[in-house]
Amino acid sequence: MNNIKENVKRILKEVPENVIVIAATKGRSVEEIKEAIDAGIRIIGENYVQEAEKKFREIGKTVNWHFIGHLQRNKVGKVLNIFDCIETVDSFLLAKEIDKYAGKKGIILPVFIEINSGREPQKSGVFPEDTEKFISELSELKNIKIEGLMTMGPLVNNPEDIRYYFRLTKELFDKIKEKRLPNVNMKYISMGMSDTYRVAIEEGANIVRIGSVIFGQRG
Ligand SMILES: *Cc1c(COP(=O)(O)O)cnc(C)c1O
């Protein structure tokens, strides 16, 4: 058994049963991704539309596809031909565009709201204090359904340093879930990557997005 398969199996064994492991596959080849799928990965996360289109031709719907990159409005139509969920909704205009294309396709697309939990000006995502209002604005869009929150959190050297941001995102998740807003069914918290997924799970993540621990360092 090669490394990718071993890595996937080890991680799937390690995480609690309720936690979904997304393989973050930017920059990885179709062959590498197929090994991860063979070992039990059921959702792959891609950041770039063009890259995903190429891979989708070979991999197709054998797995679910989550969009985890920054999405430009003019790419929404293409994204909806591939992806089953968009984790990075962070503006009303983007949500409206997704809603429009989903309506054309006759589907209701699951989306997550990206939270800029570190309130970093250069990063995308909704500031924590704006999230409730933002989600209630989106709940008028009938062809999307809001199913969760996603956060990256600030870059840290010590995984402990990101705990605060994950906890903040989980608190936000609980608060919004309690409100029972129309079109909102809060189920997923997507946070934690290779260096931080353990802390994320401790703080309530039920989706982790893992790249390098599965595939090795990116070249
Ligand atoms: C690349 C990426 C990951 C995975 O990062 P690793 O550190 O390689 O595990 C997770 N989430 C997003 C949004 C990414 O772009």
Side-chain angles (χ1 to χ4, degrees), residues 3-12 14-15 19-30 32-33 35-37 39-56 59 63-72 75 79 82-91 94 110-118 120 122-126 147-163 165-166 169-170 173 188-219:
N3 283 340
I4 292 174
K5 283 188 181 151
E6 277 171 26
N7 294 342
V8 167
K9 290 189 172 168
R10 190 184 64 247
I11 295 164
L12 291 180
E14 176 194 336
V15 304
V19 174
I20 297 166
V21 177
I22 293 188
T25 48
K26 59 177 178 287
R28 312 297 179 174
S29 70
V30 168
E32 290 174 297
I33 298 169
E35 301 212 0
I37 295 169
I41 288 295
R42 293 292 165 261
I43 306 181
I44 62 181
E46 280 281 342
N47 298 60
Y48 305 106
V49 179
Q50 254 195 320
E51 187 179 335
E53 282 178 325
K54 279 194 205 138
K55 293 171 179 176
F56 186 77
I59 296 167
V63 280
N64 276 306
W65 295 69
H66 280 209
F67 191 81
I68 61 172
H70 181 67
L71 180 53
Q72 289 165 299
K75 303 251 172 85
V79 160
I82 298 173
F83 290 91
D84 304 286
C85 174
I86 298 173
E87 294 201 9
T88 48
V89 173
D90 67 350
S91 83
L94 174 61
V111 302
F112 301 169
I113 307 305
E114 182 175 3
I115 309 299
N116 186 349
S117 54
E120 296 168 278
Q122 78 282 10
K123 278 200 183 155
S124 41
V126 181
E147 294 199 337
L149 302 182
M150 179 273 207
T151 197
M152 299 280 289
L155 257 185
V156 294
N157 288 319
N158 179 352
E160 271 307 316
D161 295 341
I162 208 168
R163 188 181 293 278
Y165 303 96
F166 289 164
T169 305
K170 171 65 161 67
F173 174 90
Y188 301 111
I189 310 185
S190 173
M191 54 188 191
M193 320 201 301
S194 287
D195 293 336
T196 56
Y197 72 91
R198 292 190 177 100
V199 173
I201 291 168
E202 285 168 10
E203 295 303 330
N206 56 12
I207 293 182
V208 293
R209 308 176 310 270
I210 299 183
S212 35
V213 167
I214 294 176
F215 299 104
Q217 290 303 321
R218 264 178 303 135

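Atoms within a ligand are numbered from 1 in the order they appear, just like the ligands themselves. This chain uses plain numbering: 1 for the first residue, then up along the sequence.
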Lys123 side chain to Gly153 backbone, donor-acceptor under 3.5 Å: yes
Ligand 1 atoms in contact with Lys26 (distance to a heavy atom under 4.0 Å): 1 (C), 2 (C), 3 (C), 14 (C), 15 (O)
Qualifying residue, where the test is salt bridge (charged side-chain N to carboxylate O under 4.0 Å, His left out) with Glu46 and the options are Lys26, Arg28, Lys55: Lys55
Distance filter under 4.0 Å to Ile210 heavy atoms, resulting ligand 1 atoms: 9 (O)
Part of Asn47 with heavy atoms under 4.0 Å of ligand 1, whether side chain, backbone, both or neither: side chain
Do any N or O atoms from the side chain of Thr88 and from the backbone of Gly69 form a donor-acceptor pair under 3.5 angstrom? yes
Closest protein heavy atom (residue, atom, distance) for atom 10 (C) of ligand 1: Met193 SD, 3.2 Å
Find all atoms of ligand 1 within a distance of less than 4.0 Å from any non-hydrogen atom belonging to Ser212, and give their numbers and elements. 6 (P), 7 (O), 8 (O), 9 (O)
I'd like to check which ligand 1 atoms, numbered from 1 as shown, lie under 4.0 Å from a non-hydrogen atom of Arg209. 4 (C), 9 (O), 10 (C), 11 (N), 12 (C), 13 (C)
Does Ala24, backbone or side chain, put an N or O under 3.5 Å from an N or O of ligand 1? no
Any idea how Phe112 and Tyr188 line up, ring-wise: parallel (<30°), tilted (30 to 60°), or perpendicular (>60°)? tilted
Tell me whether Glu6 is salt-bridged to Lys9, with the criterion being a basic N under 4.0 Å from an acidic carboxylate O. no
Please say which of Ile22, Asp84, Ile44 ends up in a side-chain contact (heavy atoms from CB on, under 4.5 Å) with Val63. Ile44
For Met152, the ligand 1 atoms with a heavy-atom partner under 4.0 Å come out as 12 (C), 13 (C)
If you compare Ile68, Ile214, Val213 by their heavy atoms, the one closest to atom 12 (C) of ligand 1 turns out to be Ile68
Is the contact between Ser194 and ligand 1 made by the side chain, the backbone, both, or neither, using heavy atoms and a 4.0 Å cut-off? both
Okay, side chain of Ser194, backbone of Ser212: is any donor-acceptor separation there less than 3.5 Å? yes
